[in-house]
Amino acid sequence: MTETAAGVSGRFTRPQRWLLPGDLLTDPADAASGGTARRPRRTPRDWAVDLTVFGWSLLMWLLMTFVLLPQMSHVPHWLLAIDPPLGLISCFALWFRRRHPFALALFMAPVGALSASAFGALGAVILSMALRLPTRRALAVIVLYTVLAIPYFIWISLPDEQAGWGDVVFVIGYLFIFYAWGTATRARRQLVQRLRQDAGRERAEHARRLADARRAEREAIAREMHDVLAHRISLLSVHAGALAYRTGRSAGGTAKPLTGTEVSESAQVIRDNAHQALEELREVLTVLRGTEAGALTEGGGRPQPRIAEIGELVAEAVRAGQRVTLDRKYAEGAAEGLRDQVQRTVYRVVQEGLTNARKHAPGAPITVSLVGAPGQGLTVRIRNPLPVSKAGAHIPGAGAGLAGLEERVALDGGTLQHGTTGGAFELVAKLPWPAA
């Protein structure tokens, strides 16, 4: 006689009530527009349960009507006459127990007090009432059943020497057993429903965390792509611009023509930087195509830059025509003990500073200063004078380099400041350097 609970859409809720199959559900949007409540269709399992309950109640009706009632000679004839019809009506009324549990429970109160053949249907109604009604209301109905059954016990059962108090105890126990059964089933279903809701929330939270992790990884890859390609492409632009400038002046007769060696060296630098840019782009795209998250050295690519490679970065900028002075005031051996992520961030800060100076202050002297010690932190400062005029070719950019760099530094527990002071532009990053 266990009844089933169909799944209920999360959009439809009813306060202080656990929804079961057959309950009326109202969409809030429909209710606001004057819509009517709707009842979900019975599932095949609901039909199987309903037919089983109806069949069991009908079997009990047949047993009481044709076996037990004829043996109750002390029962008045008028009561014997109305007992079977009331019991049969109760059996068919069970088809409404899902939609109208409280109304059916009230209907069965006088019927249960007058009809012994409604014995089976009464148990099904009590079970359904315990499942669907609030506890206080259900207990009140059980008390009403007991009170209404007292006259029947006094009039019919107690005078019978063969039954007496045994029937009284059996009927009262019958009522409360079915109520306890329904209450236990309801508690179990509520527990299962809460567990399913918790599991659904956990799945949604896991999906959200996964989406956040993927978004953060994409943002990290985008920052890496900007830092790598902006530096390489700006070098290409500088060399190509210098070559075009010298060639133009040579054609105008205002400068000596470029020698074959100079042309070859410039072309070699442009080719090397183009190849390097393509290689670094390939490494980043490898990550974007779904390789292991967070690893930026996939595909057998070169290791990521470290703080010891800043000297090579500055030398490369000098070869491109920039005037860069590198001032390091830290123990190089101790700096190698920094986390790889922090070393890469230091490298990217210097790289971004050189790239910005190349774009916005071409030809200006640049000072790169790294000062720090374990337990005191590491300060990276890139300073270049502001350009006297804005004439000349402007190298375009995405305009997001400093924003991405600021986020990168913040992820490592540091701070980034940039701005104009004393006629010069300064980019200052302060990163933690734990004591050994």
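Here, residue 1 is the first one in the sequence, and each next residue gets the next number.
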Could you check whether the rings of Trp61 and Phe66 sit parallel, tilted or perpendicular, using 30° and 60° as the cut-offs?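 Judged by the thresholds at 30° and 60°, the geometry between Trp61 and Phe66 is perpendicular.
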Any residue meeting side chain to side chain contact (heavy atoms under 4.5 Å, CB included) with [X], in chain and number order, not counting sequence neighbours:
| X | value |
| --- | --- |
| Glu336 | Arg306, Ile307, Ala308, Gln343 |
| Arg323 | Pro365 |
| Trp95 | Arg42, Trp47, Asp50, Leu51, Phe54 |
| Ile177 | none |

Arg344 and Glu309: CA distance, side-chain angles, deciding distance, salt bridge (charged side-chain N to carboxylate O under 4.0 Å, His left out) verdict: CA-CA 10 Å; Arg344 185 171 64 187; Glu309 299 176 30; over 6 Å; no
Looking at side-chain heavy atoms only, is the closest gap between [X] and [Y] below 4.5 Å?
| X | Y | answer |
| --- | --- | --- |
| Ile310 | Val346 | yes |
| Ile89 | Phe107 | yes |
| Ser90 | Met108 | yes |
| Leu354 | Leu313 | yes |
| Phe102 | Val141 | yes |

Taking ring pair (Phe, Tyr, Trp, His ring centres under 6.0 Å) as the cut-off, I'd like each qualifying pair that reaches into residues 117-145, sequence neighbours left out, listed once. Phe119-Phe170, Phe119-Tyr174
Hey, could you give me each pair passing ring pair (Phe, Tyr, Trp, His ring centres under 6.0 Å) that has a residue in residues 310-336? Not counting sequence neighbours. none
For [X], enumerate each residue passing the side-chain hydrogen bond (donor to acceptor under 3.5 Å, both in side chains) test, keeping only those at least two apart in sequence or located in another chain.
| X | result |
| --- | --- |
| Asn384 | none |
| Gln376 | none |
| Gln417 | none |

Hits for ring pair (Phe, Tyr, Trp, His ring centres under 6.0 Å) against Phe425, two or more places apart or cross-chain, chain-then-number order -> none
Option among Thr367, Val324, Val349 that satisfies the side chain to side chain contact (heavy atoms under 4.5 Å, CB included) test with Ile382: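 Per the side chain to side chain contact (heavy atoms under 4.5 Å, CB included) rule, the option paired with Ile382 is Val349, out of Thr367, Val324, Val349.
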Please, which pairs that meet salt bridge (Lys or Arg N to Asp or Glu O under 4.0 Å) have at least one residue in residues 361-372, sequence neighbours excluded?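 Counting only pairs at least two positions apart or across chains, no salt bridge (Lys or Arg N to Asp or Glu O under 4.0 Å) contact touches residues 361-372.
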Using the test salt bridge (charged side-chain N to carboxylate O under 4.0 Å, His left out), find all partners of Glu205 that sit at least two apart in sequence or belong to another chain. Arg208, Arg209
